[in-house]
Amino acid sequence: IVLADRATGKHGGRVVTRFPPEPNGHLHIGHAKSICLNFGLAQEDPEGICHLRFDDTNPTTEDLSYVRSIEDDVRWLGFDWRDKMFFASDYFEQLYNFAERLITKGLAYVDSLTADEMRSYRGTLTEPGENSPYRDRSVEENLTLFRQMRAGEFPDGTHVLRAKIDMASPNMNLRDPVLYRIRHAAHYRTGSAWCIYPAYDYAHPLSDAIEGITHSICTLEFEDHRPLYDWVVAEAETRHRPQQIEFARLNIEHAVMSKRKLLELVERKLVAGWDDPRLPTLKGLRRRGYTPEAIRAFCDHIGVAKRDAVVEMQLLEYFIREDLNKRSQRVMAVLKPLKIVIENYPADKTEELDAINNPEDPSAGTRTVPFSKTLYIEQDDFLEEPPKEFFRLAPGREVRLRYAYIIKCLRAVKDPVSGRVTELHCTYDPETRSGAAQAKRKVKATIHWVSAAHAVNAEARLYNPLLTTDLTKVPPDHDWTAYLNPQSLEVLTNCLVEPSLNQVVPGAKFQFERLGYFCADPDSMPGKPVFNRTVSLKDAWAKAAKRPGST
RNA sequence: UGGGGGAUCGUCUAGCGGUAGGACGCCAGCCUUUGGAGCUGGCUACCUAGGUUCGAUUCCUAGUCCCCCAGCCA
């Protein structure tokens with residue numbers, strides 16, 4: 001939006017963007033917004049391109065496995081960087097040369113203050129800082145020291161290279177920001193080739209310039225960094241002058257979205273891993289059954305603005321449901337079984353009934369489901385004393401079994417001790433078989449079922465998103481994980497599914513009739529399918545989020 | 001108390017001088033051989049106060065509130 005006018009003329013009308021993750025964690029739904037924005041913008045220009053650049057300037061947190069994961073996730077989302085994959089670490093030599101030039105120009109100096117001293121020299125938000133006593137070293141001395149830094153002659157923390165800007169600037173970022181620090185640590189790509197590493201504020205603008213980025217899009221918290229970004233690009237006298245533009249990052253209400261917290265959940269084994277379906281990571285959402293199309297549609301819808309926003313989880317889930325509604329195969333399953341016996345159906349008979357795979361998509365075809373004398377239906381579909389608005393089974397009531405017959409409930413058998421209903425005895429009307437030309441009697445409700453003899457045992461993971469209550473209210477020394485939604489922690493259950501699900505391919509999307517959307521998990525085995533519930537029950541999570549958790 | 005941003009239905013988001021639109025959500029009704037599906041209708045908003053103007057959400061002024069910044073993280 002902001003860029004539409006930039007495209008008219010500036011930068012030769014070209015659009016080159018970049019998605020610049022640091023490979024220190026896995027991508028989450030918040031990154032998806034940035035990915036969709038950057039790649040989407042580039043796609044609007046026929047000649048546009050979006051680079052994938054890894055901002056790997058901090059060797060202590062980064063790893064190749066994250067690089068692979070990020071590549072995988074961006075591709076999964078449906079975006080293509082063609083051959084434009086870059087690493088800030090590939091620019092270390094160039095960056096170093098730019099730095100020497102800055103020193104030569106008298107715009108950078110080696111400071112030998114400790115981190116603590118530097119902090120106190122920096123001043124506060126309201127008081128200006130003071131110049132470091134090392135600020136006026138000669139160009140020669142700076143050059144010598146900087147080369148010694150690179151040569152590994154100093155231990156960590158003894159010196160840094162700083163830009164010489166203005167210690168009294170009201171913008172903290174301009175109070176002689178650190179450009180290089182010493183870190184004797186192995187980098188996952190450059191190994192031990194370097195022991196000094198460039199800081200973000202220095203490496204990022206130059207990386208953009210080197211790559212010929214036209215629009216460098218970042219989040220709001222970098223607005224204060226823009227003057228520094230421009231300073232670096234200008235003083236380094238690079239050919240390209242990219243422009244930094246900020247937008248608000250995505251927040252989803254109650255969702256755990258910080259890399260730090262996600263890492264903590266994984267490390268403390270509160271979740272199964274980065275791909276735990278309860279997490280808002282792309283890997284987790286994918287395992288849970290979210291589709292890239294739905295995530296993209298969501299990102300397009302939430303828009304791009306400069307105001308802080310918190311999106312409701314329901315909006316995300318709406319886009320998932322809408323997409324899944326079109327593409328997922330319908331299938332019958334029973335989560336909480338209640339046995340029914342059809343008294344007038346032959347004990348040795350089995351019928352194969354035709355079932356539609358997806359009413360939204362006729363090309364999905366049909367399959368057959370076995371029907372027999374003993375079936376299971378959902379416990380919730382029977383009530384002994386039905387209230388006014390309840391039209392499903394009750395003593396004396398009639399209901400249709402999906403794809404099968406109309407049945408009538410004769411009586412309920414109860415456990416003599418607990419008084420709970422253990423099974424129902426029914427009769428069926430042979431004239432009412434689904435699809436039969438005649439006898440199209442209407443009944444108030446249709447329910448789903450599985451044949452007891454044919455049903456397959458499956459595991460259903462009724463995941464809800466991992467949510468918290470308002471973490472700003474967590475006392476400082478209190479464990480924030482105590483505020484996690486308890487409903488997302490105990491969620492495994494058995495279920496019975498129709499035989500066609502005996503073998504499923506992981507990632508396959510289903511809608512269990514009247515129960516919701518499920519996705520086949522990689523843990524699925526032939527004979528023991530495993531399904532993750534994709535979208536949580538409509539208000540279950542909302543209620544859970546309101547609950548203050550254990551205290 | 002310094003600097004930088006931002007304020008439109010409950011939530012996201014359009015409009016940027018001339019009836020404030022859309023989506024989610026919610027409510028009501030209809031439909032249905034699954035629906036949490038579909039259809040119809042309804043609901044609620046321009047931070048405040050001044051000013052400019054025939055007319056201001058839009059322009060100006062002054063306030064209010066919210067977010068970000070004092071890493072050798074990004």
Side-chain angles (χ1 to χ4, degrees), chain A residues 1 20-22 24 55-58 60-62 88 111 113-115 118-129 156-162 168-175 177-183 196-197 199-201 203-204 218-227 246 248 250-253 259-260 298 301-319 321-322 324-326 330-332 355-356 359-360 399-406 432 434-435 440-443 445-448 511-517 535-539 542:
Chain A
I1 314 168
E22 184 190 11
N24 68 346
D55 247 347
D56 50 357
T57 55
N58 182 0
T60 57
T61 56
E62 297 156 4
D111 198 350
L113 253 25
T114 66
M118 211 185 284
R119 190 168 19 254
S120 50
Y121 273 95
R122 188 154 31 222
T124 68
L125 294 177
T126 50
E127 305 155 28
D156 287 6
T158 50
H159 307 278
V160 292
L161 184 73
R162 300 178 74 177
S169 170
N171 182 344
M172 299 299 287
N173 296 294
L174 266 19
R175 320 246 261 230
V178 170
L179 268 25
Y180 270 91
R181 71 278 206 189
I182 300 171
R183 275 255 211 298
I196 57 172
Y197 291 91
Y200 166 88
D201 281 320
H204 199 91
C218 64
T219 46
L220 251 29
E221 66 267 31
F222 292 105
E223 282 177 320
D224 289 345
H225 296 241
R226 194 181 337 138
E246 305 84 9
L250 169 66
N251 297 295
I252 297 182
E253 54 166 7
K259 269 188 183 176
R260 200 208 109 231
F298 169 73
H301 181 90
I302 56 177
V304 182
K306 279 197 158 213
R307 66 185 91 115
D308 303 302
V310 183
V311 175
E312 292 176 336
M313 182 68 80
Q314 297 145 100
L315 188 63
L316 210 208
E317 297 197 330
Y318 165 79
F319 282 95
R321 268 191 247 111
E322 188 181 61
L324 256 20
N325 183 41
K326 284 182 224 129
R330 313 301 133 116
V331 98
M332 291 199 286
I356 295 162
E360 310 276 327
V399 84
R400 172 172 290 281
L401 296 176
R402 173 115 246 238
Y403 303 123
Y405 303 94
I406 292 177
T432 59
S434 191
K440 287 213 167 174
R441 270 165 60 210
K442 291 246 178 183
V443 285
T446 301
I447 64 173
H448 57 277
Q511 185 185 138
F512 289 0
E513 304 265 10
R514 301 188 53 239
L515 293 174
Y517 297 104
V535 182
S536 51
L537 286 167
K538 243 186 174 174
D539 47 7

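Reminder, nothing fancy here: chain letters follow the sequence lines and each chain counts from 1.
- Among B/A23, B/G35, B/C24, the nucleotide with an atom closest to any side-chain atom of A/Gln511 is B/G35.
- For A/Tyr517, the ring-ring contact (aromatic ring centres under 6.0 Å, His included) criterion is met by no residue, not counting sequence neighbours.
- Closest approach to the A/Leu315 side chain among B/C68, B/A23, B/U13 is made by B/A23 (side chain taken as heavy atoms from C-beta onward).
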Each nucleotide N or O in nucleotides 43-45 of chain B that has a protein N or O under 3.5 Å away: list the pair and distance.
none

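- Contact between the side-chain N/O atoms of A/Lys442 and the OP1/OP2 oxygens of B/U33 is found at a separation under 4.0 Å.
- Residues passing the side-chain hydrogen bond (donor to acceptor under 3.5 Å, both in side chains) test with A/Glu360, sequence neighbours excluded: none.
- Between A/Tyr200 and A/Leu316, the one whose closest nucleotide on RNA chain B sits nearer the 5' end is A/Leu316.
- Looking at the side chain of A/Ser434, the nearest of the listed nucleotides B/C68, B/G71, B/U33 is B/U33.
- For A/Arg307, there are no salt bridge (charged side-chain N to carboxylate O under 4.0 Å, His left out) partners, not counting sequence neighbours.
- Qualifying side-chain hydrogen bond (donor to acceptor under 3.5 Å, both in side chains) partners for A/Tyr405, counting only residues two or more places apart in sequence or in other chains: A/Glu351.
- Among the nucleotides B/C72, B/G2, B/G6, the one closest to any side-chain atom of A/Met172 is B/G2.
- For A/Asn325, counting side-chain heavy atoms from C-beta on, the closest listed nucleotide (B/C12, B/A70, B/A37) is B/A37.
- In RNA chain B, the stems built from three or more successive Watson-Crick or G-U pairs (distances below 3.5 Å) are B:2-7 with B:64-69, B:10-13 with B:21-24, B:25-30 with B:38-43, B:47-51 with B:59-63.
- With rounding to the nearest 0.5 angstrom, the CG atom of A/Asp111 is 15.5 Å from the CZ atom of A/Arg181.
- Every residue two or more places apart in sequence or in another chain that forms a side chain to side chain contact (heavy atoms under 4.5 Å, CB included) with A/His225 is listed here: A/Asn173, A/Asp201, A/Phe222.
- For the pair A/Arg307 and B/C12, the criterion of a side-chain N or O lying under 4.0 Å from OP1 or OP2 is not met.
- For A/Thr158, the side-chain hydrogen bond (donor to acceptor under 3.5 Å, both in side chains) test picks out no residue, with sequence neighbours left out.
- Taking A/Ala445 as the reference, A/Phe391, A/Arg392, A/Val399 meet the side chain to side chain contact (heavy atoms under 4.5 Å, CB included) condition, with sequence neighbours excluded.
- Comparing A/Ile302 and A/Phe222, the nucleotide of RNA chain B nearest to each residue sits closer to the 5' end for A/Ile302.
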